[in-house]
Amino acid sequence: MAGEGGLTELRRGVLGPCVLALLEIRPRFGLELVRDLAAADGLLTSDGTVYPLLNRLRDAGLVTSQWQDNEGERARRYYSITEAGTQTLKEFRADWDRFAVTVGSVLNHTAAGSGPAAEGRPQ
Amino acid sequence: MSGTVLEHQSVQDYLHDLNLALRGMPYRKAYALREQIITHLDEALPPDADDEEIAEVLRSLGSPADVAAEAVAALAGPVADVRGGTWLW
């Protein structure tokens with residue numbers, strides 16, 4: 001398993017899109033989003049860091065929030081994805097797919113230029 | 001003990017440390033984050049939470065320093081990727 005330091009950097013790069021992907025399904029309030037992220041094993045080390053990320057996404061116009069007063073429940077601030085957020089997520093998905101293939105091929109020595117010793121190596 | 005779980009000493013200590021770690025941040029941003037953390041604690045902890053439950057939720061939250069560091073990092077602006085494009089988070 002990758003060392004904690006390496007994972008931290010990987011998480012930092014993908015957590016924003018993961019938040020957007022969850023909000024794409026439906027708006028959520030803070031604790032709900034934290035719990036859904038925490039349920040994805042290894043994605044979240046620290047619950048509290050979700051809030052600065054949400055604020056950053058909001059400042060960038062990718063997320064919006066508003067108070068909702070659902071019957072029988074306490075008033076809560078719900079976070080929703082914006083049109084710009086949906087577009088950004090779509091672009092990230094395409095980037096991620098390409099990136100994962102590229103990184104995988106380099107890691108598994110199947111990329112062009114990996115060297116003669118790599119050819120035919122079982123995966 | 002009367003009052004809400006937010007008045008518990010360890011929660012107060014956490015919020016105090018968070019305030020210290022957020023010093024230097026624009027007031028409105030620091031205030032907004034603090035309110036989000038308080039709401040999180042209020043939602044996550046039942047009114048009769050014991051010391052252990054409170055400690056567990058605070059531990060899961062992460063240290064005030066880590067939470068504040070994320071907020072301060074966000075002030076630096078968008079993260080640039082290696083191709084020179086810009087990720088907006």
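Letters A, B, ... are given to chains in the order of the sequence lines, protein chains preceding strands, and every chain is numbered from 1.
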* Asked: Side chains of B/L33 and A/P52: does their closest heavy-atom pair fall under 4.5 Å?
  -> yes
* CD (A/E73) with more than 12 external heavy atoms under 6.0 Å -> yes
* Cluster question for you: counting only ILVMFWY and a side-chain heavy-atom cut-off of under 4.5 Å, with indirect links fine, are B/Y31 and B/V67 together? -> no
* Structure fact -> So OG1 of A/T45 and CG of B/D66: to nearest 0.5 Å the spacing works out to 7.5 Å
* Asked: Is A/V63 reachable from A/L22 through a run of hydrophobic residues whose side-chain heavy atoms are each under 4.5 Å from the next?
  -> yes
* Could you tell me whether A/R12 and B/E70 have a side-chain N and a carboxylate O separated by less than 4.0 Å? => yes
* Asked: Shortest non-hydrogen contact from A/R56 to B/A73?
  -> NH2-O, 3.9 Å
* Please examine the side chains of A/N55 and B/K29, heavy atoms only from C-beta on, and report whether any two atoms are closer than 4.5 Å. => no
* Asked: Under a 4.5 Å side-chain heavy-atom rule over Ile, Leu, Val, Met, Phe, Trp and Tyr, are A/L15 and A/F99 clustered together?
  -> no
* Transitively linked via ILVMFWY side-chain contacts under 4.5 Å: B/L45 with A/V50? -> yes
* Asked: Does a sphere of radius 6.0 Å around CZ in B/R23 hold more than 12 heavy atoms from other residues, nucleotides or ligands, not counting ones at 6.0 Å or beyond?
  -> no
* Greatest number of heavy atom pairs closer than 4.5 Å to chain A - which of B/A44, B/A68, B/A32 -> B/A44
* Would a 4.5 Å heavy-atom cut-off, applied to side chains only, mark A/Y51 and B/I37 as touching? -> yes
* Side chain / backbone / both / neither for A/V34 at chain B, heavy atoms under 4.5 Å -> side chain
* When clusters are formed by joining ILVMFWY residues with side-chain heavy atoms under 4.5 Å apart, either directly or through shared neighbours, do B/L18 and B/L41 land in the same one? -> yes
* Asked: If you measure from CG on A/D47 to CZ on B/R59, what distance do you get to the nearest 0.5 Å?
  -> 8.5 Å
* To do: Look at A/R77, A/R76, A/R35, A/E91 and state which one has the largest set of heavy-atom pairs under 4.5 Å with chain B.
  => A/R76
* To do: Decide side chain to side chain contact (heavy atoms under 4.5 Å, CB included) for B/E43 and A/E32; before the verdict, give the C-alpha distance in whole Å, the side-chain angles of both, and the deciding distance to 0.1 Å.
  => CA-CA 10 Å; B/E43 289 261 21; A/E32 193 181 14; over 6 Å; no
